[in-house]
Every structure is written in C-alpha cells, then in structure tokens.
Amino acid sequence: MVREMSNNHMRLVGTSGLSVAPLALGGNVFGWTADEAASFAILDAFVDAGGTMIDTADVYSAWAPGHVGGESETVIGNWLKRDPAKRDKVVIATKVGFLDGKLEDGEYVASLDPQVIARAADASLKRMGIDTIDLYYQHRDNPDVPLADSLGAFEALRAAGKIHSTGLSNFTAARVEEALDTAIQAGIAPAVAVQGWYNMVEREKYEGELQDVVTGRELSFFPYYSLANGFLTGKYRSKDDLGKSVRGGRNVDYIDSPKGKAVLAALDDVAAQTGAALATVALAWTKVQGGITAPIASATNMGQAEELIAALKLDLTPGQIELLNVASE
C-alpha cells in the first residue's frame with residue numbers, strides 16, 4: 001500500500017495516511033472500450049511512470065451490452081495476478097451504490113443497504129484478488145438509507161481489514177458535511193475523500209460550497225470527467241467530429257458554447273508554449289486547483305495514455321495557469 005513518501009509530487013489523501021501521485025487512472029474503460037491486453041499495457045505504463053492510484057467501481061461496465069458490472073475490477077485483478085509485486089505500488093479505489101442489491105430471499109433492498117455493501121465489498125475484493133480496498137466510496141448518495149447505517153457498514157469493513165478508508169462520490173456539499181458529522185458522532189472513522197464532476201468547462205460543479213467543504217474539512221477531491229468527455233483533448237472542435245467515439249455526442253454543448261471555444265484556444269496557446277498535448281495541459285491545470293489531490297482520467301489506447309501520464313510531471317507556470325483560469329471562468 002502506498003503511504004506517505006518523500007517524493008514532492010506525492011499528495012496525502014485527506015487524513016488517511018495514504019498518499020498518491022497527482023493523477024488517478026480511471027478504470028471505467030477496462031474490459032469495455034479497452035480490452036484486457038490494452039488495459040494491461042495502459043496500467044503498466046501508468047505505474048512505470050510513477051502513477052499510483054487506480055479508480056474503478058463495481059458497476060463498471062454494466063451499461064455495455066452483455067455486461068453485468070465488475071468487468072473493470074476483473075481486469076485489474078487479472079493484471080495484479082500477472083504481476084503481484086504491482087499491488088504494493090498502487091492505491092486502489094472502488095465504489096458501491098449503483099448496482100441495486102437483492103437479499104438472499106429475493107427481497108429488494110436499496111443500494112447502500114448495509115447487507116448490499118457487505119456483499120459488494122466481498123465481491124470486489126474477490127474480483128481484484130486483494131485483501132484490502134484502499135479507498136472505498138459510496139458511489140452515490142441514497143437518502144433512503146440513513147447515513148449512520150451505510151457509514152456503519154463501511155466501519156465494519158474497516159474493522160475487518162477489508163477497507164482502509166472511506167470516500168463519498170456524487171454527494172452535495174451539505175450531505176458531505178452531514179456524513180462527516182454523523183461519523184464523528186458515532187465514533188467511527190469519517191470519510192477522507194470526495195469524488196465529483198469537475199473540469200475546465202464546468203468549474204461550477206465543484207467550485208463554491210463543495211470546494212469550501214473539501215478544503216475546510218481536510219478532505220481530498222478527485223474529479224471525474226476531468227477532460228470533459230474528451231472535449232479538452234481538442235478532439236471535438238465541430239459537430240462533424242462528434243462521431244469520433246462512443247462519447248462524442250456528449251460534447252455538443254461544449255462545441256456550441258463561447259466558453260468551450262475560449263478554453264480550447266487557451267489550451268492551444270499553452271500547448272504551443274509547453275510542447276505538451278491539450279489533454280496533458282488540461283490535467284496539469286486541474287491538478288493545481290484548490291483541494292484537488294488528483295484528477296481522474298481514462299485511456300483506451302497507448303497514445304491517449306501517454307498524454308495523460310505526461311500530466312504527472314508537467315508543472316505549468318503561474319502565467320499559463322492564469323491564462324487558463326481567465327478562459328475557463
């Protein structure tokens with residue numbers, strides 16, 4: 001397990017004692033748009049370059065035809081099985097809460113029911129072939145399950161050594177605070193990390209109340225959609241480009257917006273100054289925003305992976321950061 005290190009680029013994950021490099025590799029594509037061979041190559045390149053955090057979920061990739069969820073975790077497990085020494089080099093984050101559970105007698109229970117959490121954690125551990133999940137997230141808030149119950153289930157997993165730390169994903173600022181206070185009142189370990197939607201063209205999804213809670217309560221923030229479905233790579237500059245990938249259609253609003261055009265122009269400028277790809281520049285900007293420990297980004301091929309990985313070591317100048325700040329405001 002990767003803990004606090006002397007490397008200046010390593011960052012602490014809240015108060016957990018874990019530390020990670022400033023880029024997390026998204027596992028949503030493993031076993032879906034990246035087959036096992038491609039996934040292994042991407043994982044190897046990421047770790048060999050100093051990357052440490054792998055982010056996945058039990059629901060990846062249940063949305064794909066013929067998939068049921070757990071495909072990504074299975075690929076990660078097979079990768080670790082091939083080279084067990086890699087386990088000590090990575091921090092593994094996974095999540096529970098999007099796959100609805102059923103009790104053994106067939107009675108329906110909501111996601112984040114304690115029995116669902118317990119079974120889901122065991123299934124994730126088995127798929128990945130590991131003893132402990134380093135960071136285990138509630139993948140979404142579920143108001144039908146009292147926070148004391150879901151957090152209590154996480155605490156039972158922690159006491160059993162099945163998870164190291166707790167995270168919250170897709171929670172509002174108010175619910176993050178409520179979850180932290182609930183844990184403290186119950187005498188259990190509070191969450192150390194929050195995951196949410198954030199990128200240069202959608203800064204309002206994090207900046208403001210949520211960012212204030214993250215920084216004020218010593219949490220780590222791990223943003224997903226860091227490249228805005230690929231828009232910030234420069235891949236989608238007109239509607240003619242939308243067919244370039246399965247997620248291309250999500251970029252219509254970015255392409256049509258003045259902000260989208262301004263952000264791409266600023267990224268082009270900084271890319272020309274640094275010689276880095278637009279994706280690299282966008283992630284380098286994201287990693288220095290307040291409260292952010294590591295942006296999450298995924299790759300389906302080695303070309304994409306190299307652009308992401310380069311962000312681990314790209315440090316923008318204050319002038320470059322300001323240029324991007326103004327364009328993305």
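All residue numbers in this chain count up from 1 along the given sequence. Remember, it's a predicted structure, so these values are computed and weren't measured experimentally.
Looking at Thr233 and Glu307, their side chains never bring a donor and an acceptor atom within 3.5 Å of each other. Side-chain polar atoms of Thr94 and Glu73 form a donor-acceptor pair below 3.5 angstrom. No donor-acceptor contact under 3.5 angstrom links the side chains of Arg158 and Thr166, judged on distance only. A donor atom on one side chain and an acceptor atom on the other are found under 3.5 Å apart for Gln304 and Thr300.
More than 12 heavy-atom neighbours from other residues, nucleotides or ligands sit within 6.0 angstrom of NZ on Lys235. More than 12 non-hydrogen atoms from other residues, nucleotides or ligands lie less than 6.0 angstrom from CD of Glu178. Taking a 6.0 Å sphere around NZ of Lys205, one finds it holds more than 12 heavy atoms contributed by other residues, nucleotides or ligands. Within 6.0 Å of CD in Gln273 there are more than 12 heavy atoms belonging to other residues, nucleotides or ligands.
In summary, Arg119 and Asp113 do not engage in a salt bridge, as defined by a charged side-chain N under 4.0 Å from a carboxylate O. Electrostatic pairing of Arg82 and Asp44 counts as a salt bridge here, judged by a charged N lying under 4.0 Å from a carboxylate O. Under 4.0 Å is where a charged nitrogen must lie from a carboxylate oxygen, and between Lys287 and Asp315 at least one such pair does.
Aromatic ring centroids of Phe154 and Tyr136 lie under 6.0 Å apart. Note: Tyr236 and Tyr254 fail the aromatic proximity criterion, with ring centroids not under 6.0 Å apart.
For Ser257, there are no side-chain hydrogen bond (donor to acceptor under 3.5 Å, both in side chains) partners two or more places apart in sequence or in a different chain.
Side chain of Ser220 to backbone of Gly14: a donor-acceptor contact under 3.5 angstrom is found.
Put simply, the residue from Tyr225, Tyr198, Phe222 that forms a ring-ring contact (aromatic ring centres under 6.0 Å, His included) with Tyr206 is Tyr198.
Atom OG1 of residue Thr56 and atom CE of residue Met128 lie 6.5 Å apart, to the nearest 0.5 angstrom.
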